[in-house]
2 protein chains.
Amino acid sequence: MSDRVVPPAARQRRRPTRQGVVLSAELIVDTALRLIEEHGADALSVRRLGRALGADPSSLYRYFRHTDDLMLAIADELIGRTLRSWRPTGDWIADLRDLGLRMHAGALAHPRAAVLSAHRVTGRAHEIQAVESILGVLRRAGFPGQEAVRIYHAFVDQALAFGALDSAGTALPRAAREAEAEVWRTTYGRLAADSHPHIAATARHLVTTMRTSSYPAALDLFLTAARTRLAELRAGTGHPRPH
Amino acid sequence: MSDRVVPPAARQRRRPTRQGVVLSAELIVDTALRLIEEHGADALSVRRLGRALGADPSSLYRYFRHTDDLMLAIADELIGRTLRSWRPTGDWIADLRDLGLRMHAGALAHPRAAVLSAHRVTGRAHEIQAVESILGVLRRAGFPGQEAVRIYHAFVDQALAFGALDSAGTALPRAAREAEAEVWRTTYGRLAADSHPHIAATARHLVTTMRTSSYPAALDLFLTAARTRLAELRAGTGHPRPH
DNA sequence: CTTAACAGGTCAACGGTGTTGTCATAAGGT
DNA sequence: ACCTTATGACAACACCGTTGACCTGTTAAG
């Protein structure tokens with residue numbers, strides 16, 4: 001039953017739902033995002049989404065082949081929103097840092113969707129545009145093709161992976177999250193110096209550092225390494241390994 | 001119904017299953033891990049697990065309150081296994097790379113558990129041991145306290161985040177995973193050079209690079225940056241920003 | 001203006017899921 | 001040998017994604 005979905009361009013007979021709603025792929029994606037935001041990732045099911053839209057669940061299969069298809073559409077919408085807010089300046093390091101922080105912030109703004117979509121390749125318009133833009137930044141900076149792709153891959157995955165990780169953290173029930181903060185203060189803050197010398201010596205820093213995201217620090221380390229790599233390439237000493 | 005679970009120590013009447021199996025929390029965790037490895041991540045359901053054990057699904061609720069509880073027990077077991085397999089040598093870069101790769105591999109071997117447990121702080125024995133070990137490696141390498149904590153945080157989160165990201169990828173249904181590989185080959189491999197110059201110029205590399213995990217590359221970049229940072233600290237020029 | 005085609009909404013059903021209230025029984029202590 | 005009770009089994013509940021068949025309003029052609 002794969003001809004159930006009609007490509008958006010060919011749609012014309014917009015018959016309203018029994019409850020008076022006129023469906024569209026856009027409306028479905030927006031509603032799904034709202035649903036995820038308001039009631040958590042588990043709230044996203046075909047049946048609930050149908051109910052929220054005022055339509056029979058099976059109607060959605062006129063717009064998306066299956067749930068996965070819908071997830072990809074949601075992911076692409078998120079990519080689009082992030083990309084539209086980005087203003088590259090020409091300074092490749094600053095631009096990548098800015099984009100990375102925006103991707104991370106975008107994920108945190110839609111934690112549940114981020115967790116569900118971070119690992120998907122959509123192949124849709126917004127994603128393609130993002131790939132093209134980032135590759136452009138790297139190649140203009142001077143990275144040759146293969147190296148640009150490797151850096152691109154690591155950069156994007158790092159932003160997505162940390163976005164999903166930190167999102168999953170904020171998606172925890174409030175009680176569980178506070179319990180985790182407590183663990184750092186009490187458990188790790190009180191270990192004896194003779195049994196756990198390194199933890200005891202840095203306990204003060206652990207308590208303060210571990211409660212915030214490590215992504216900004218990881219991103220800066222990443223950019224440092226990329227700059228180092230570019231310098232090596234320019235010098236002609238192309239050994240990519242760190243030692 | 002939370003008193004359904006009896007703490008392991010209090011168990012005494014080990015009544016065998018109708019099919020002759022004597023249940024235990026350990027046996028359940030081991031069977032779950034085996035199930036995940038043999039039949040993929042989505043093969044793990046309470047009902048399937050019951051079937052694999054030769055017991056009624058509801059019996060499992062005598063040992064774990066709910067599925068999440070079971071997942072945490074599995075995760076804890078995984079941390080232990082990873083750490084036990086690690087043999088630090090004294091070369092801090094090699095040791096961190098080895099541990100990072102082991103953490104990543106451990107996550108990939110048990111995708112479902114990795115995804116669910118990556119963002120949790122347990123405060124349990126194995127975790128504490130890991131923190132102490134890694135901090136020790138960094139401080140012996142010469143990083144001062146605060147800097148060691150920052151590097152530690154970024155290192156661990158990066159390993160966990162990539163582990164979860166890549167795990168989520170392998171946890172996809174086979175069809176969806178193959179569809180993603182196709183997207184890189186067809187969609188990205190065929191974009192016109194005038195509309196998408198950078199993608200077109202690197203299409204060959206994209207197709208080959210994007211289907212593998214970027215974690216090894218990201219890890220090497222991370223270690224490169226850490227080495228750079230250490231050199232800066234030794235030289236006394238402590239500006240942590242990449243430009 | 002009528003009419004016929006068909007896009008698209010609806011209904012009912014299938015086989016799966018996690019979870020729980022209830023019951024039955026074998027193990028263990030006495 | 002008996003009694004208690006831990007623990008396994010059963011049946012049921014409310015969900016889930018998905019699909020095949022049906023029905024009906026919209027639209028384009030005549």
Side-chain angles (χ1 to χ4, degrees), chain A residues 1-28 31-32 35-36 39-72 74 116, chain B residues 1-28 31-32 35 39-72 112 116 171-173 175-176:
Chain A
M1 195 86 332
S2 61
D3 55 345
R4 193 161 233 172
V5 175
V6 169
R11 287 189 179 274
Q12 28 190 6
R13 309 196 179 176
R14 332 303 337 291
R15 154 135 73 137
T17 279
R18 175 140 303 201
Q19 298 182 38
V21 184
V22 176
L23 294 180
S24 70
E26 269 193 10
L27 178 62
I28 294 174
T31 306
L35 213 56
I36 290 174
H39 307 303
D42 302 349
L44 187 64
S45 76
V46 176
R47 303 176 106 103
R48 271 201 228 231
L49 185 49
R51 219 177 302 139
L53 281 162
D56 188 272
S58 63
S59 302
L60 307 188
Y61 289 88
R62 301 277 183 205
Y63 295 84
F64 302 96
R65 260 191 282 282
H66 33 246
T67 331
D68 211 60
D69 220 21
L70 173 59
M71 284 315 308
L72 292 185
I74 294 174
L116 289 180
Chain B
M1 198 76 345
S2 61
D3 55 346
R4 193 162 234 172
V5 175
V6 170
R11 289 191 177 272
Q12 30 188 7
R13 307 197 180 176
R14 331 301 342 287
R15 154 136 75 139
T17 280
R18 175 140 302 200
Q19 298 182 38
V21 185
V22 176
L23 294 180
S24 70
E26 268 194 10
L27 178 64
I28 294 174
T31 306
L35 213 55
H39 306 299
D42 40 359
L44 188 64
S45 75
V46 176
R47 301 174 107 102
R48 273 203 227 231
L49 185 49
R51 221 177 300 140
L53 281 162
D56 189 90
S58 64
S59 301
L60 306 188
Y61 289 87
R62 299 277 181 207
Y63 296 84
F64 302 96
R65 258 188 279 283
H66 34 245
T67 330
D68 214 54
D69 220 22
L70 172 60
M71 292 310 310
L72 286 184
R112 280 268 283 244
L116 288 181
L172 283 178

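The sequence lines fix the lettering, A, B, ..., with proteins before strands; numbering per chain opens at 1.
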Just jot down the salt bridge (Lys or Arg N to Asp or Glu O under 4.0 Å) partners of Asp68(B), sequence neighbours excluded, or say none. Arg120(B)

Could you tell me whether the side chain of Arg15(A) has a donor or acceptor atom within less than 3.5 Å of a complementary atom in the base of dG8(C)? yes

Could you name each residue pair satisfying side-chain hydrogen bond (donor to acceptor under 3.5 Å, both in side chains) that touches residues 45-55 of chain A, not counting sequence neighbours? none

Take atom CZ of Phe64(A) and atom C1' of dG9(C), then tell me their distance rounded to the nearest Å. 16 Å

Can you tell me if Tyr63(B) touches the phosphate of dT7(D), counting only side-chain N or O atoms and a distance under 4.0 Å to OP1 or OP2? no

Excluding sequence neighbours, so at least two apart, what forms side chain to side chain contact (heavy atoms under 4.5 Å, CB included) with Met71(A)? Leu44(A), Ile74(A), Leu116(A)

For every nucleotide of nucleotides 10-19 of chain C, 5' to 3': is a protein heavy atom under 4.0 Å from its base (B), only from its sugar-phosphate (S), or from neither (-)? BB-B---BBB

The side chain to side chain donor-acceptor pair (under 3.5 Å) partners of Ser58(A) (sequence neighbours excluded) come to Asp56(A)

Run the side chain to side chain contact (heavy atoms under 4.5 Å, CB included) test against Pro16(A) and tell me which residues pass, sequence neighbours left out. Val22(A)

